[in-house]
2 protein chains.
Amino acid sequence: MSLKHAVLALLQKEEGSGYDLSKRFKGGMSYFWSASHQQIYQQLKKMLSDDLIAVRVESQDGKPDKKIYQITELGTQALIDWIEEPSKMSRVNDAFLVKLYAGEVVDNSVLAAKIKEHVVHHQKLLTAFALLEEEYAGMNKQQRKRVMLPYMTLRKGVLGEQAWLQWAEEALALLEQ
Amino acid sequence: MSLKHAVLALLQKEEGSGYDLSKRFKGGMSYFWSASHQQIYQQLKKMLSDDLIAVRVESQDGKPDKKIYQITELGTQALIDWIEEPSKMSRVNDAFLVKLYAGEVVDNSVLAAKIKEHVVHHQKLLTAFALLEEEYAGMNKQQRKRVMLPYMTLRKGVLGEQAWLQWAEEALALLEQ
DNA sequence: CAAATCATGTAAGAAGTTACATGATTAT
DNA sequence: ATAATCATGTAACTTCTTACATGATTTG
């Protein structure tokens with residue numbers, strides 16, 4: 001279980017509401033961690049009762065109250081402990097590759113179409129990442145140092161997407177033989 | 001839920017026992033699908049009652065009976081339907097990158113060590129994949145055609161591992177600045 | 001005026017993990 | 001002898017998904 005730690009990782013950077021966290025998961029963290037808003041709200045409840053986080057309620061005019069969560073000292077320590085402990089390799093479950101693996105039961109044209117869809121998806125991600133990289137390139141040395149670690153994860157995103165696109169070219173060529 | 005379909009994908013290639021499937025998941029499929037033996041046995045039970053698979057019991061001398069499962073026509077159709085339906089993108093949950101993302105709470109040397117561990121892991125995988133690629137290279141045209149789709153997924157494995165290694169070099173250089 | 005976004009949750013059910021359980025055979 | 005592999009499962013627990021629920025504000 002590491003949703004807890006992913007939430008701590010985000011709150012360690014900056015406090016935020018469940019909704020904020022949900023958006024941050026969907027944003028710059030989406031290619032290495034995802035979580036639904038239902039998961040997040042339930043997790044925050046547990047973490048609050050475990051004193052890993054604290055809450056501050058902000059009333060807003062018109063809108064419903066906003067619960068803003070902060071990481072506590074206990075939470076920070078839990079995060080440090082978790083980072084230092086050996087990480088078990090993440091289990092990957094990629095339905096797309098399973099479909100290809102067993103793809104002989106359908107026509108090659110179906111598979112080619114699937115791969116092309118994937119290309120579009122990965123190109124979109126790559127374009128989004130390129131924008132974030134430009135932001136980084138525009139920073140001064142100090143700023144760059146501050147965001148170095150998130151930038152490192154972004155680079156993994158970029159290299160991963162490029163690998164997918166390179167693979168797709170190969171795969172389509174193989175299919176057309 | 002696609003463990004069901006991953007099992008169908010394996011049984012469509014060749015019949016096997018729960019234990020066999022477990023090994024096949026750990027082998028050439030591990031970098032895009034993983035499943036524990038407990039999951040597999042429970043899944044097989046469900047799939048059997050849904051007539052997606054059939055079973056044949058083989059008694060072995062000395063060893064306990066072996067239950068060998070085969071995909072049924074209903075199962076094959078379920079597999080085809082699933083392959084053709086649009087696949088939602090798989091959610092990735094990579095604890096390693098979360099640790100890096102929040103890594104400012106620990107010393108850089110801890111992070112460097114983590115990255116180096118990862119390099120070792122990915123190099124091992126790449127070596128294993130290279131062996132499988134050699135096998136493919138040694139095949140004649142007909143054989144190659146027969147295993148083309150699994151080979152395509154293997155190529156994704158190779159390109160993915162190369163991306164990790166390339167990233168790790170970059171990341172270590174960044175850390176040492 | 002409709003759709004999207006902001007903002008928060010509950011509840012049931014499905015899926016996955018961890019721990020426990022057994023027992024033979026084969027390799028070191 | 002001991003560890004690893006073969007071979008199969010159950011049970012309790014945790015986690016995740018899907019569906020439901022509400023209601024205001026902002027954008028097109």
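Every heavy atom of this structure was used, including side-chain atoms; hydrogens, water molecules and symmetry mates were not. Per chain, numbering begins at 1; letters A, B, ... match sequence-line order.
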Q: Rounding to an integer number of Å, can you tell me how far A:Asp20 CG sits from C:dA7 P?
A: 7 Å

Q: B:Gln42 side chain: which of D:dT18, D:dA11, D:dT8 is closest?
A: D:dA11

Q: With a 4.0 Å cut-off, would you call B:Arg146 and A:Glu104 a salt bridge?
A: no

Q: Please check if the number of heavy atoms outside B:Glu169 that lie under 6.0 Å from its CD is greater than 12.
A: no

Q: For C:dT18, does either OP1 or OP2 sit under 4.0 Å from a side-chain N or O belonging to B:Gln38?
A: no

Q: So, OP1 or OP2 of D:dG9: does either fall under 4.0 Å of a side-chain N or O from B:Lys66?
A: no

Q: Between A:Lys67 and C:dC6, is there a contact of a side-chain N or O with OP1 or OP2 at under 4.0 Å?
A: no

Q: Which part of the nucleic acid, if any, lies within reach of A:Lys4 when heavy atoms closer than 4.0 Å are counted: base, sugar-phosphate only, or nothing?
A: nothing

Q: Is the phosphate of C:dT17 approached by A:Arg91 (side-chain N or O, under 4.0 Å from OP1 or OP2)?
A: yes

Q: For B:Tyr69 and for B:Lys23, find the nucleotide of DNA chain D with the closest heavy atom, then tell me which residue's nucleotide is more 5'.
A: B:Lys23

Q: Do you know which of B:His122, B:Lys114, B:Lys116 makes side chain to side chain donor-acceptor pair (under 3.5 Å) with B:His118?
A: B:His122

Q: How long is the line joining CZ of A:Arg24 and P of C:dT5, in whole Å?
A: 19 Å

Q: Which of these nucleotides, D:dC16, D:dG9, D:dT15, is closest to any side-chain atom of A:Lys46?
A: D:dT15

Q: Among D:dT8, D:dT18, D:dG9, which is the nearest nucleotide to the side chain of B:Ser17?
A: D:dT8

Q: Specify the separation, in whole Å, of atom CG of A:Leu21 and atom P of C:dG9.
A: 12 Å

Q: Return yes if some donor-acceptor pair links the side-chain N/O of B:Lys99 with the main-chain N/O of A:Trp82 below 3.5 Å, else return no.
A: yes

Q: Quick check on A:Lys67: does its NZ atom have over 12 non-hydrogen neighbours (other residues, nucleotides or ligands) under 6.0 Å away?
A: no

Q: Using whole Å, report how far CD of B:Gln39 lies from C1' of D:dG9.
A: 15 Å

Q: Rounded off to whole Å, could you give me the NE2-to-P distance for the A:His37 and C:dT10 pair?
A: 11 Å

Q: Where the side chain of A:Lys45 is concerned, which of C:dT10, D:dT10, C:dG16 is the nearest nucleotide?
A: C:dT10

Q: Indicate whether OP1 or OP2 belonging to D:dC6 is found under 4.0 Å from a side-chain N or O atom of B:Tyr19.
A: yes

Q: Can a side chain N or O of B:Tyr41 be found less than 4.0 Å away from OP1 or OP2 on D:dT8?
A: yes

Q: What is the distance, to the nearest angstrom, from the CG atom on B:Asn93 to the P atom on D:dT15?
A: 13 Å

Q: May I have the distance from A:Leu3 (atom CG) to D:dT15 (atom C1'), rounded to whole angstrom?
A: 9 Å

Q: How many whole angstroms separate atom CD of A:Gln43 from atom P of D:dT14?
A: 12 Å

